[in-house]
There are 2 protein chains.
Amino acid sequence: MPYSYDYPRPALTVDCVIFGLDEDGLKVLLIKRGGEPFRGCWAIPGGFVDMDESLEQAARRELEEETGLKSVYLEQLYTFGDPGRDPRGRVVTVAYWALTRVLAEPVRAASDADSAAWFAVDDPPKLAFDHARVLEVAHERLRSKVRYQPVGFELLPRDFTLSQLQQLYEILLDRPIDKRNFRKRVMDLDVLVDTGEVQQDVAHRAAKLYRFDRRRYEQLLRSGVNFEI
Amino acid sequence: MPYSYDYPRPALTVDCVIFGLDEDGLKVLLIKRGGEPFRGCWAIPGGFVDMDESLEQAARRELEEETGLKSVYLEQLYTFGDPGRDPRGRVVTVAYWALTRVLAEPVRAASDADSAAWFAVDDPPKLAFDHARVLEVAHERLRSKVRYQPVGFELLPRDFTLSQLQQLYEILLDRPIDKRNFRKRVMDLDVLVDTGEVQQDVAHRAAKLYRFDRRRYEQLLRSGVNFEI
DNA sequence: CCAAAAGTGTTTATGATACACCCATGT
DNA sequence: ACATGGGTGTATCATAAACACTTTTGG
């Protein structure tokens with residue numbers, strides 16, 4: 001092999017911080033480690049990068065292997081590489097993050113992990129490695145991103161009410177939002193389609209169901225529209 | 001060594017996209033490669049991560065070795081790791097970026113590189129590896145960051161006039177800015193100190209010189225002030 | 001006295017915020 | 001009929017944008 005490198009190399013892993021939402025608030029998907037080190041400890045799902053796959057492919061593969069979750073839109077978060085972050089030696093990890101619908105995606109314990117479960121982001125268990133820091137960085141990123149991009153739709157069922165959407169934003173932004181102003185802004189963004197359906201089985205007036213129009217959103221995004229909420 | 005990893009490992013490098021500014025506009029610092037592959041080709045400065053240094057330390061070290069530049073504030077940009085981005089085999093690179101004053105920092109050709117030089121960001125030479133893409137991502141990041149954080153001060157001499165600052169923002173944002181509105185906004189941010197000095201040797205009324213008050217800026221940033229320009 | 005950039009306020013337009021009541025449905 | 005959340009409009013305030021002339025200095 002011409003010009004091959006022959007240095008000692010750090011090991012390379014990927015980790016996936018997956019946020020979800022249920023009635024109680026914002027959740028994060030963790031796995032219980034089946035092997036050493038930190039056996040039995042909760043951790044962010046992830047694992048080693050194979051030589052022939054891209055970083056994102058690796059993240060996607062590990063996520064599915066460990067939690068059963070697939071087809072989420074992963075975004076690169078940050079690369080953590082301080083010496084000493086792994087007791088076994090030098091390990092650099094490229095962290096990804098994503099949003100998903102908790103209820104629509106029941107997680108299963110899978111091959112590499114004892115079990116997987118959702119935890120409140122505000123009150124996570126003790127985490128392996130420097131994963132508490134990774135989670136913190138991901139949570140910051142989510143909070144900052146939600147302000148200027150309509151990321152939240154990924155956290156809701158496909159069809160949702162405006163009140164659900166508002167609750168979501170109130171959780172993410174951690175402040176109450178005025179109902180009329182919120183609806184005005186959201187409808188002005190022009191990225192929701194009215195499904196024509198309404199909520200079922202509620203003990204009050206049924207709310208209209210909307211759906212996020214990703215196509216339209218990407219169109220508007222390219223044309224420079226501002227999606228600040 | 002307990003629990004040691006024994007997988008094939010990608011090689012790990014760091015790269016530093018350094019932006020500067022001179023009379024002609026926005027510049028980027030490149031080195032001419034002294035070895036294969038891409039010998040003689042221009043590239044973003046960078047190199048291998050040692051086993052005992054952090055990623056940022058590695059970036060800082062490589063930057064100084066190859067260009068003589070030190071003490072810049074590096075920020076992590078993105079990690080590029082597609083298989084095939086390096087002809088020698090699997091190489092993952094963690095890219096950093098920074099802003100610096102071109103004139104205050106004459107670059108020298110250094111050990112690992114034939115030579116270093118500044119190039120117009122809009123018209124770079126053909127670059128090694130996927131460095132054209134890396135530069136593109138860095139440029140996007142700069143443009144998006146400059147909108148809500150006063151990053152630009154790093155590109156100017158320590159003492160500068162409001163017109164210089166405005167020119168800088170016009171270059172970065174690529175649009176003309178109204179002089180009175182710009183001055184109003186900038187002075188309202190309350191992060192400039194009047195040095196009491198004025199420009200020397202200009203063939204017109206001498207402008208006042210200001211200095212960026214980083215201490216004050218970080219204070220305000222923590223207290224949640226918005227620095228949108 | 002001319003050229004060249006520095007410096008300075010006010011008006012207008014736009015978008016953000018605050019705010020309260022009636023409606024539809026299930027029990 | 002009542003409890004529960006769904007749905008709607010307007011007035012006010014704050015911030016952003018548009019805009020033109022006088023001042024200083026060196027040549």
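Throughout, protein chains are lettered first and strands after them, A, B, ... in sequence-line order, and every chain is numbered starting at 1. Just so you know, these numbers come straight off a predicted model, no measurement behind them.
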Taking [X] first and then [Y], would you say they form a salt bridge - that is, a charged N and a carboxylate O separated by under 4.0 Å?
{"X": "A:Arg143", "Y": "A:Glu140", "value": "no"}
{"X": "A:Glu64", "Y": "A:Arg60", "value": "no"}
{"X": "A:Glu75", "Y": "A:Lys145", "value": "yes"}
{"X": "A:Glu65", "Y": "A:Lys70", "value": "no"}
{"X": "B:Glu66", "Y": "B:Arg61", "value": "no"}

Quiz item: DNA chain C: A:Asp201 or B:Ala203, which has the more 5' nearest nucleotide?
Solution: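 Of the two residues, B:Ala203 wins.
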Quiz item: Considering heavy-atom distances to DNA chain C, does A:Val202 or B:Lys208 have its closest nucleotide positioned more toward the 5' end?
Solution: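 Nearest-nucleotide comparison on DNA chain C picks B:Lys208.
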Practice problem: Apply side-chain hydrogen bond (donor to acceptor under 3.5 Å, both in side chains) to B:Glu197 and list each qualifying residue two or more places apart in sequence or on a separate chain. | Solution: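 For B:Glu197, no residue satisfies side-chain hydrogen bond (donor to acceptor under 3.5 Å, both in side chains) once neighbours in sequence are set aside.
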Quiz item: Which two nucleotides bound the region of DNA chain C that has atoms under 4.0 Å from heavy atoms of chain A, read 5' to 3'?
Solution: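 Under 4.0 Å from chain A, the extent on DNA chain C is C:dT17 to C:dG26.
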Angle between ring planes, [X] versus [Y], binned at 30° and 60°: parallel, tilted or perpendicular?
{"X": "A:His139", "Y": "A:Phe19", "answer": "tilted"}
{"X": "B:Phe160", "Y": "B:Phe153", "answer": "tilted"}
{"X": "B:Phe212", "Y": "B:Tyr217", "answer": "tilted"}

Exercise. Sequence neighbours left out, what pairs pass ring-ring contact (aromatic ring centres under 6.0 Å, His included) with at least one residue falling in residues 166-200 of chain B?
Key: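 Output for this query lists B:Tyr169-B:Phe182.
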Quiz item: Are B:Phe38 and B:Phe129 an aromatic pair by the rule of ring centers under 6.0 Å?
Solution: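 Centroid separation for B:Phe38 and B:Phe129: below 6.0 Å.
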Quiz item: By a strict heavy-atom criterion of less than 4.0 Å, which residues belonging to residues 169-191 of chain A are in contact with DNA chain C?
Solution: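 Heavy-atom cutoff 4.0 Å gives A:Asp178, A:Arg180, A:Asn181, A:Lys184, A:Arg185.
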Quiz item: Looking at DNA chain C, which of residues 150-159 of chain A put a heavy atom within less than 4.0 Å of it?
Solution: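 Residues of residues 150-159 of chain A that come under 4.0 Å of DNA chain C do not exist, since none gets that close.
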Quiz item: If you walk 5' to 3' along DNA chain D, what is the first nucleotide with an atom under 4.0 Å of a heavy atom in chain A, and what is the last?
Solution: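 From 5' to 3', the first and last contacting nucleotides are D:dT4 to D:dT10.
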Exercise. Find which nucleotide of DNA chain D each of A:Gln164 and B:Ala206 is nearest to by heavy atoms, and output the residue with the more 5' nucleotide.
Key: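 Taking each residue's closest nucleotide, the earlier one in sequence belongs to A:Gln164.
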Practice problem: Determine the contact category for B:Thr161: base if any of its heavy atoms lies under 4.0 Å from a base atom, sugar-phosphate if only primed atoms, P, OP1 or OP2 are that close, otherwise nothing. | Solution: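 Since no nucleic acid heavy atom lies under 4.0 Å of B:Thr161, the category is nothing.
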Quiz item: Are B:Thr93 and B:Asp15 close enough that a side-chain donor and a side-chain acceptor fall under 3.5 Å?
Solution: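 A pair is found: one side chain offers a donor N or O, the other an acceptor, under 3.5 Å apart.
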Exercise. Report yes or no: do A:Gln219 and A:Arg216 form a side-chain donor-acceptor pair below 3.5 Å?
Key: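 Yes, a side-chain donor-acceptor pair sits under 3.5 Å.
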